[in-house]
Amino acid sequence: MFSVRFTRLGVSVALLVGAMFVSTGAAKATPAFAKKEMQKCNYCHVKPGGDRNFRGLYYAANDHSFEKFDNEFEAKVAGVKPDTLGIEAVPTKAEYPPKEYKVPKALNFLMQDIEGKPAHLGRYEGKVTMFVNVASFCGNTPQYEALQKLYTKYKEKGLVICGFPANEFGKQEPGTNEEIKKFCTSKYNVTFPMFAKIVVKGEEIHPLYKFLTSKKTDEKFAGDIEWNFAKFLLNRKGEVIARFKAGTKPDTEEVVKAIEKALEPEKKE
């Protein structure tokens, strides 16, 4: 009888100790917010219960929410690698998290990627970026192939192509984000960043495309999007430097030359 009670007591003690570890932030701790976000403690802390790294600092500064958190962008702002955890994710920039992000205006937009995750365009600062409004059932849809070839050829030099599905022209992008992703990856092997479907023209126009097409914000390249696969080219500083019509194929000489020129190393005076 005594041995049975002892065993039960041992189990009870073990459970009690385990609970203490959880509540005090020891090695196996799972604080409420970490449990809520389905993450381990070192995702946000130098060590469980210790000082916060860049994710923990973001979480504390944004109403204890990761709803608008882009790991890649925030890591860049904090001056650390996106995949680091614990102490390796401690910001190298003293001003993190900033009160206001210093991002080029054309890149200062929080989007959703094709899987619905937050993606801040500021992650592409320092890259040469092309924005393209895409569609799956258009005469211009085969441009996906040329866009992918451009991306494959120049991505190591700093080119990023961003595809924004839109259904404003001939209703030629009727599918869900999941269907769009399946289509462009299976048919054209697209590996460049694709984003959730947005509106690029009209009353419900997305702020990004309102910025790109408005004379107040982009006077040189302003004007409504005319059809699927219109293209905006941005330099490494996030400035819009060219616009190509929807029917202009991505592998034409004028497009390729503009990209190559933008990719050239900046000349030091």
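Just so you know, residue 1 is the first one in the sequence shown, and it goes up from there.
Atom-to-atom distance recorded for Leu233:CG and Lys261:NZ is 11.5 Å, nearest 0.5 angstrom. The structure places NZ of Lys197 at 8.5 Å from CD of Glu168, a figure rounded to the nearest 0.5 Å.
Under a hydrophobic-cluster definition in which Ile, Leu, Val, Met, Phe, Trp and Tyr are linked whenever side-chain heavy atoms come within less than 4.5 Å, directly or via other members, Met111 and Phe192 are assigned to different clusters. Side-chain heavy atoms closer than 4.5 Å link hydrophobic residues (I, L, V, M, F, W, Y) into clusters, and following such links, even through other members, never connects Leu159 to Tyr124. Under a hydrophobic clustering in which Ile, Leu, Val, Met, Phe, Trp and Tyr are joined whenever their side-chain heavy atoms come within less than 4.5 Å, directly or via other members, Ile161 and Phe244 fall into the same cluster.
In this structure, Asn62 contributes its side chain and Ser65 its backbone to no donor-acceptor pair below 3.5 Å. Distance alone, capped at 3.5 Å, is enough to place a donor-acceptor pair between the Gln143 side chain and the Ala246 backbone. No donor-acceptor pair closer than 3.5 Å links the side chain of Asn133 to the backbone N or O of Phe164. Checking side-chain atoms of Asn71 against main-chain N and O of Pro82 turns up a donor-acceptor pair under 3.5 Å. Here the side chain of Asn167 pairs a donor or acceptor atom with the backbone of Gln172 at under 3.5 angstrom. Looking only at distances, a side-chain donor or acceptor of Thr213 sits under 3.5 Å from a matching main-chain atom of Tyr209. Between the His45 side chain and the Gly50 main chain, a donor and an acceptor come within less than 3.5 Å of each other.
Aromatic pair Tyr101/Phe73: ring centres closer than 6.0 Å. Between Phe221 and Phe232, the distance separating the two ring centers is not shorter than 6.0 angstrom.
In this structure the side chain of Val128 never reaches within 4.5 angstrom of the side chain of Leu234, judged on heavy atoms. Taking 4.5 Å as the limit, some side-chain heavy atom of Thr141 sits within range of a side-chain heavy atom of Tyr144. When side chains are defined from C-beta on, Met194 counts as touching Ile180, because their heavy atoms get closer than 4.5 Å. Side-chain contact between Tyr59 and Phe69: absent, with no pair of heavy atoms (C-beta onward) separated by less than 4.5 Å. Residues Gln148 and Thr191 have side chains in contact (heavy-atom distance under 4.5 Å, counting atoms from C-beta outward). Side-chain contact between Pro97 and Tyr58: absent, with no pair of heavy atoms (C-beta onward) separated by less than 4.5 Å. With contacts defined as side-chain heavy-atom distances shorter than 4.5 Å, the pair Leu85/Tyr43 qualifies. You'll find the side chain of Cys44 stays beyond 4.5 Å of the side chain of Gln39, heavy atoms only.
Shown are Phe229, Trp227, Phe137; of these, the ring-ring contact (aromatic ring centres under 6.0 Å, His included) with Phe169 is made only by Trp227.
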Between Lys182 and Glu178, does a salt bridge (charged side-chain N to carboxylate O under 4.0 Å, His left out) hold up when you go through it step by step?
CA-CA 6 Å; Lys182 184 177 181 180; Glu178 185 178 0; over 6 Å; no

side-chain contact (heavy atoms from CB on, under 4.5 Å) between Leu121 and Phe195, worked out
CA-CA 11 Å; Leu121 296 181; Phe195 293 80; 3.9 Å; yes

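Shortest non-hydrogen contact noted between Phe54 and Ala75 is CE1-N, 3.6 Å. When all heavy atoms of Phe131 and Thr129 are compared, the pair lying nearest together is CE2-CG2, 3.4 Å.
Taking Asp70 as the reference, Arg123 meet the salt bridge (Lys or Arg N to Asp or Glu O under 4.0 Å) condition, with sequence neighbours excluded. Listed by chain and residue number, Lys181 satisfy the side chain to side chain donor-acceptor pair (under 3.5 Å) test with Glu115 (two or more places apart in sequence, or in another chain).
Applying the salt bridge (charged side-chain N to carboxylate O under 4.0 Å, His left out) test to residues at least two apart or on different chains, the pairs with a partner in residues 217-239 are Glu226-Arg243.
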